[in-house]
K.L.:
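Pasting a structure here, questions to come.
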Amino acid sequence: STYDFLVYDNHNIDRDSILTVVFDRIVGESEVTIPEGLVDYYYTENYNFYAQEAITRNMTMDNFCRLQLGVDVPTFESDLKDISEANANYMLVVEALIKQEGITINEEEFNSYVEKMAFVGGYADAQEYINNYGTGEEGLRHDYLYIEQVYKWVSDNIKLNKKSINLTTE
């Protein structure tokens, strides 16, 4: 398979790195029109996450940015705007891919994934993992579809040949 070729010829490159490179190329080459307000939505969600992290550490946003992120607040906000635009673009491409290719959740694979994540996370069982997942089972199903199943589809459908591969590791 393509994956085996890449892993065995490039020993330091793992599955996720390969799929990330391939998927980033898919997203980068896609033409996407981002609906008004979507970037602002992701910006607000991301900003609130970091603001909560600052509060958790009993820090002001200025101190959090400088000490935890190594940037000042204006740089953080500018970078976050770029990240939010990339998030919006990524999610729109993923949604289009899911719809166009009919990517769905296989219940058996989903249950196996949840069992594995529960074990790796040190949870007593799959239900405890689901109960402690930030957005519950619905959010877990969403994330599984948008990440695991889309990456699986990409992995199953990439066609590369040895001459076109130029991956480096450090």
Side-chain angles (χ1 to χ4, degrees), residues 13-99 103-107 109-155 170:
I13 300 175
D14 63 13
R15 171 188 170 268
D16 290 340
S17 296
I18 293 165
L19 293 176
T20 298
V21 167
V22 171
F23 197 76
D24 284 351
R25 186 166 179 186
I26 291 169
V27 171
E29 293 179 1
S30 298
E31 291 184 29
V32 177
T33 302
I34 299 174
E36 189 174 325
L38 189 58
V39 173
D40 291 337
Y41 167 79
Y42 282 112
Y43 180 88
T44 300
E45 289 290 310
N46 289 326
Y47 193 94
N48 289 343
F49 171 81
Y50 286 106
Q52 186 60 46
E53 288 295 311
I55 290 167
T56 300
R57 290 175 171 77
N58 199 26
M59 302 172 89
T60 65
M61 198 61 181
D62 182 58
N63 283 340
F64 179 80
C65 287
R66 282 187 302 102
L67 299 173
Q68 298 294 316
L69 304 176
V71 298
D72 59 17
V73 172
T75 302
F76 164 74
E77 290 172 345
S78 174
D79 291 349
L80 194 59
K81 191 73 162 174
D82 294 340
I83 290 167
S84 299
E85 187 171 341
N87 287 351
N89 192 42
Y90 171 86
M91 291 308 293
L92 291 169
V93 171
V94 169
E95 286 173 5
L97 191 59
I98 289 169
K99 187 177 285 182
I103 300 170
T104 60
I105 293 177
N106 172 302
E107 287 301 318
E109 290 175 2
F110 175 73
N111 291 334
S112 176
Y113 170 80
V114 172
E115 291 284 339
K116 179 179 94 176
M117 296 309 290
F119 176 77
V120 169
Y123 293 94
D125 57 27
Q127 191 58 52
E128 182 183 1
Y129 175 73
I130 291 169
N131 292 344
N132 285 284
Y133 196 79
T135 52
E137 185 171 352
E138 183 178 336
L140 179 57
R141 285 180 172 282
H142 174 274
D143 293 349
Y144 177 75
L145 176 63
Y146 275 64
I147 298 168
E148 295 297 321
Q149 290 302 96
V150 169
Y151 268 45
K152 181 181 181 299
W153 182 89
V154 170
S155 177
E170 300 192 47

K.L.:
Could you measure the distance from the OH atom of Y41 to the CG atom of N46? Nearest 0.5 Å is fine.
P.N.:
9.5 Å
K.L.:
Which heavy atom of I34 sits nearest a heavy atom of A88, and at what distance?
P.N.:
CG2-CB, 4.0 Å
K.L.:
Look at atom CG of N48 and say whether more than 12 heavy atoms of other residues, nucleotides or ligands are closer to it than 6.0 Å.
P.N.:
yes
K.L.:
Over all heavy atoms of both residues, which pair between V39 and S84 is shortest? Give the atoms and the distance, please.
P.N.:
O-CB, 3.6 Å
K.L.:
For a quick test of reading the model, state the closest non-hydrogen atom pair linking L92 to P35 and the distance between them.
P.N.:
CD1-CD, 3.7 Å
K.L.:
Could you tell me whether the side chain of Q68 reaches within less than 4.5 Å of the side chain of R57, counting heavy atoms only?
P.N.:
yes
K.L.:
Could you tell me if the ring centre of F76 sits under 6.0 Å from that of Y47?
P.N.:
yes
K.L.:
Would you compute the distance between atom CG of L80 and atom OH of Y42 and round it to the nearest 0.5 angstrom?
P.N.:
13.0 Å
K.L.:
With distance as the sole criterion, is a donor-acceptor pair present between the side chains of N131 and Q127 under 3.5 Å?
P.N.:
yes
K.L.:
Could you pull out the closest heavy-atom pair between N63 and M59, with the gap in Å?
P.N.:
O-CE, 3.7 Å
K.L.:
Considering non-hydrogen atoms only, spot the tightest contact between A54 and M61 and give its length.
P.N.:
CB-SD, 4.1 Å
K.L.:
Would you say that E115 contacts Y129 through its side chain, given a criterion of any heavy-atom pair below 4.5 Å between the two side chains?
P.N.:
no
K.L.:
Under a 4.5 Å cut-off applied to non-hydrogen side-chain atoms, are Y146 and M91 in contact?
P.N.:
yes
K.L.:
Surrounding CD of E138 (heavy atoms of other residues, nucleotides or ligands, distance under 6.0 Å), is the total greater than 12?
P.N.:
no
K.L.:
Using side-chain heavy atoms (C-beta onward) and a distance below 4.5 Å, is N89 in contact with S30?
P.N.:
no
K.L.:
To the nearest 0.5 Å, tell me how far I55 CD1 sits from T60 OG1.
P.N.:
11.0 Å
K.L.:
Between V114 and Y133, is any pair of side-chain heavy atoms under 4.5 Å apart?
P.N.:
no
K.L.:
What residues, two or more places apart in sequence or in another chain, satisfy side-chain contact (heavy atoms from CB on, under 4.5 Å) together with E109?
P.N.:
N106, Y144, Q149, K152
K.L.:
Can you list the residues that meet the side-chain contact (heavy atoms from CB on, under 4.5 Å) rule with V73, with sequence neighbours excluded?
P.N.:
D62, C65, E77
K.L.:
Taking D40's backbone N and O only, do any of them form a donor-acceptor pair with T44's side chain (distance below 3.5 Å, no angle check)?
P.N.:
yes
K.L.:
Cationic tip of R141 within the cone over F110's six-membered ring, i.e. under 6.0 Å and within 45° of the normal?
P.N.:
yes
K.L.:
Taking atom CG of L69 and atom CG of D79, what is their separation to the nearest 0.5 Å?
P.N.:
9.5 Å
K.L.:
Please step through salt bridge (charged side-chain N to carboxylate O under 4.0 Å, His left out) for the pair K81 and E85, ending with a clear verdict.
P.N.:
CA-CA 6 Å; K81 191 73 162 174; E85 187 171 341; over 6 Å; no
K.L.:
Any side-chain heavy-atom pair from I105 and E107 closer than 4.5 angstrom?
P.N.:
yes
K.L.:
To the nearest 0.5 angstrom, please state how far the CG atom of L145 sits from the CD atom of E95.
P.N.:
10.0 Å
